[in-house]
Amino acid sequence: MSTQTDEVRVGRREAVRASYTLFRVRVAAVERLGASFVRVTMTSPELASFGAAGYDQRFKLLLSPRPLQDHELPQDDWYTWWRELPEAARPVMRTYTVRGFRPATAERDAEIDVDFVLHGVGDAAGHAGPASRWAAGAAVGDEVVLVGPDAPGTGRMWGVEWAPPAGARTLLLAGDETAVPAVTAVLERLPAGITATALLEVPDAGDLLDLRSDADLTVEWLPRNGVHAPGELLQRRVHDVASALVEQVRAEDAAVQDSQDNQDGEDAEDEDGILWDVPENAEAAGPECLYAWLAGESGVVKALRRHLVREVGVPRSSVAFMGYWRAGRAEGE
């Protein structure tokens with residue numbers, strides 16, 4: 001049941017091929033993490049072949065109006081199957097982060113943890129989207145379909161965008177609540193010897209989560225508490241801390257900071273205005289540069305990236321930014 005195949009190289013040898021596959025899973029546990037977050041653990045014998053890659057790995061969640069049976073699922077090219085289904089029968093597709101993955105043991109099948117933000121749940125105006133409604137009502141035994149790689153690996157072909165220079169030692173991660181699962185997954189995998197600052201804007205003071213990491217972490221939670229507009233606190237704090245971080249790691253060679261790499265050009269966006277740029281030449285910025293990873297609402301991360309490049313002097317090749325969503329639009333609209 002695969003749809004696309006790509007080859008990657010590791011060193012001088014060819015690595016495995018990444019094929020994207022449908023996985024039928026069922027809910028094994030539901031845990032409320034805070035005011036706005038719920039963790040849904042899913043399991044299936046099929047997950048034994050899921051290509052878990054760690055960090056900010058993305059996958060697709062297909063929410064069907066009714067449980068899909070084996071005979072209804074395609075043997076290949078899942079995307080064409082999904083696209084050609086009648087609209088009334090087509091599962092809603094949303095993108096989420098693999099918050100945690102546990103291989104199968106003798107006692108249980110493999111498990112995957114997914115943290116959902118409960119956007120608009122309980123809102124009298126009915127602003128909650130289909131994924132938030134599903135997560136809010138998820139119960140043990142519920143069935144759902146995931147789309148992800150069916151072989152081990154890492155990198156973009158596995159949905160991983162976390163790609164700092166190998167020698168980067170000072171990191172800035174900033175995002176809103178939609179980026180919290182990805183940021184926390186990255187932070188927990190960082191090794192000792194790394195200094196990371198994470199700025200996380202969330203809806204409520206009850207959304208603060210405990211984190212563990214071998215890295216030297218500074219985590220600031222920025223709850224809006226119904227007072228601040230989305231993105232307001234995040235932009236303010238990035239402006240406050242970014243310059244100081246750059247000064248801490250500024251290289252003696254001023255050419256790194258004054259190069260053309262610092263010139264902010266036009267940002268590519270898709271037809272929905274979603275921005276997504278993860279530089280593939282991050283090594284060009286040099287190991288002494290601050291590496292910044294920004295994710296959240298498209299307009300906010302665009303403004304943050306331009307601030308870092310134009311005003312703070314962070315090389316473009318040292319800033320990754322991802323518009324996870326755009327104000328006023330849902331994924332796929």
Side-chain angles (χ1 to χ4, degrees), residues 31-39 54-58 96-100 113-119 160-165 168-249 278 289-297 300-301 303-305 307-308 312 314 318-322 324-325:
E31 178 186 3
R32 191 65 178 259
L33 300 179
S36 307
F37 293 91
V38 63
R39 176 169 297 167
Y55 295 104
D56 58 339
Q57 183 181 21
R58 305 182 314 280
Y96 280 92
T97 298
V98 178
R99 183 59 183 85
D113 294 331
V114 185
D115 291 356
F116 293 83
V117 184
L118 302 180
H119 302 283
V160 176
E161 300 287 3
W162 178 254
R169 291 293 177 265
T170 304
L171 311 172
L172 171 64
L173 299 90
D176 61 22
E177 58 267 32
T178 64
V180 166
V183 171
T184 52
V186 168
L187 294 178
E188 290 183 352
R189 291 179 68 92
L190 294 178
I194 297 293
T195 299
T197 298
L199 307 176
L200 297 169
E201 182 180 294
V202 290
D204 189 270
D207 291 322
L208 282 62
L209 306 175
D210 292 330
L211 294 173
R212 297 179 182 178
S213 177
D214 291 331
D216 181 6
L217 295 185
T218 299
V219 181
E220 292 189 30
W221 296 93
L222 309 170
R224 294 190 295 273
N225 291 326
V227 176
H228 300 278
E232 177 185 346
L233 296 175
L234 186 64
Q235 292 188 77
R236 183 185 303 170
R237 283 304 291 156
V238 170
H239 286 218
D240 288 343
V241 306
S243 294
L245 289 174
V246 168
E247 288 302 320
Q248 291 175 17
V249 297
V278 179
C289 289
L290 171 72
Y291 183 78
W293 186 99
L294 316 171
E297 197 281 321
V300 172
V301 297
L304 289 176
R305 189 260 203 168
H307 171 73
L308 291 176
V312 181
V314 179
S318 197
V319 181
F321 71 123
M322 290 141 282
Y324 276 3
W325 62 286

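Just so you know, residue 1 is the first one in the sequence shown, and it goes up from there.
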Donor-acceptor contacts under 3.5 Å from residues 191-202 side chains, at least two apart:
residue	atom	partner	partner atom	Å
E201	OE1	G231	N	3.4
E201	OE1	L233	N	3.2
E201	OE1	L234	N	2.9
E201	OE2	R224	NH1	2.8
E201	OE2	G231	N	2.6

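Interatomic distance, CG of L190 versus OG of S213, reported as 5.0 Å (0.5 Å rounding). To the nearest 0.5 Å, atom OH of residue Y291 and atom CG of residue L173 are 9.0 Å apart. In this structure, CG in D216 is found 6.0 Å from OG1 in T218, a value given to the nearest 0.5 Å.
Every residue two or more places apart in sequence or in another chain that forms a side-chain contact (heavy atoms from CB on, under 4.5 Å) with R189 is listed here: Y55. In this structure L208 satisfies the side-chain contact (heavy atoms from CB on, under 4.5 Å) test together with W221, sequence neighbours excluded. Judged as a salt bridge (charged side-chain N to carboxylate O under 4.0 Å, His left out), and not counting sequence neighbours, the contacts of E188 are R99. A search for side-chain contact (heavy atoms from CB on, under 4.5 Å) contacts involving E297 returns D176, V300, W325, R326, A327, not counting sequence neighbours. By the ring pair (Phe, Tyr, Trp, His ring centres under 6.0 Å) test, F37 pairs with no residue at all, sequence neighbours left out. Residues forming a ring pair (Phe, Tyr, Trp, His ring centres under 6.0 Å) with H239 (at least two apart in sequence, or on another chain): H307. Under the side-chain contact (heavy atoms from CB on, under 4.5 Å) criterion, E247 pairs with R250, sequence neighbours left out. Every residue was checked against the salt bridge (charged side-chain N to carboxylate O under 4.0 Å, His left out) condition with D207, not counting sequence neighbours, and none meets it.
Listed here is the closest heavy atom pair of A242 and L290: O-CD2, 4.4 Å. Nearest heavy atom pair, residue R305 against residue V319, reads CG-CG1, 3.5 Å. Contact detail for L171 and W162: the closest heavy-atom pair is CD1-CZ2, 3.7 Å. Here the closest non-hydrogen pair linking L308 and A292 is CD1-CB, 3.7 Å. Taking both residues in full, the closest heavy atoms of G206 and D204 are given as N-OD1, 2.6 Å, listed atom of the first, atom of the second, then distance.
Looking at S243 and V312, their side chains come closer than 4.5 Å, going by heavy atoms from C-beta outward. W293 is listed as a side-chain neighbour of V183, based on a closest heavy-atom distance under 4.5 Å.
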Does V117 form a side-chain contact (heavy atoms from CB on, under 4.5 Å) with V180? I'd like the steps, not just the answer.
CA-CA 9 Å; V117 184; V180 166; over 6 Å; no
Kindly determine whether M322 and V301 satisfy side-chain contact (heavy atoms from CB on, under 4.5 Å), including the steps that lead there.
CA-CA 7 Å; M322 290 141 282; V301 297; over 6 Å; no
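Of the possible donor and acceptor atoms, one in the side chain of D56 sits under 3.5 Å from a partner among the backbone N and O of E161. A donor-acceptor pair under 3.5 Å is absent between the side-chain atoms of N225 and the main chain of V227, judged by distance alone.
Among pairs with a residue in residues 230-246, those fulfilling salt bridge (charged side-chain N to carboxylate O under 4.0 Å, His left out) read E220-R237, E232-R236, R237-D240, at least two apart in sequence or across chains.
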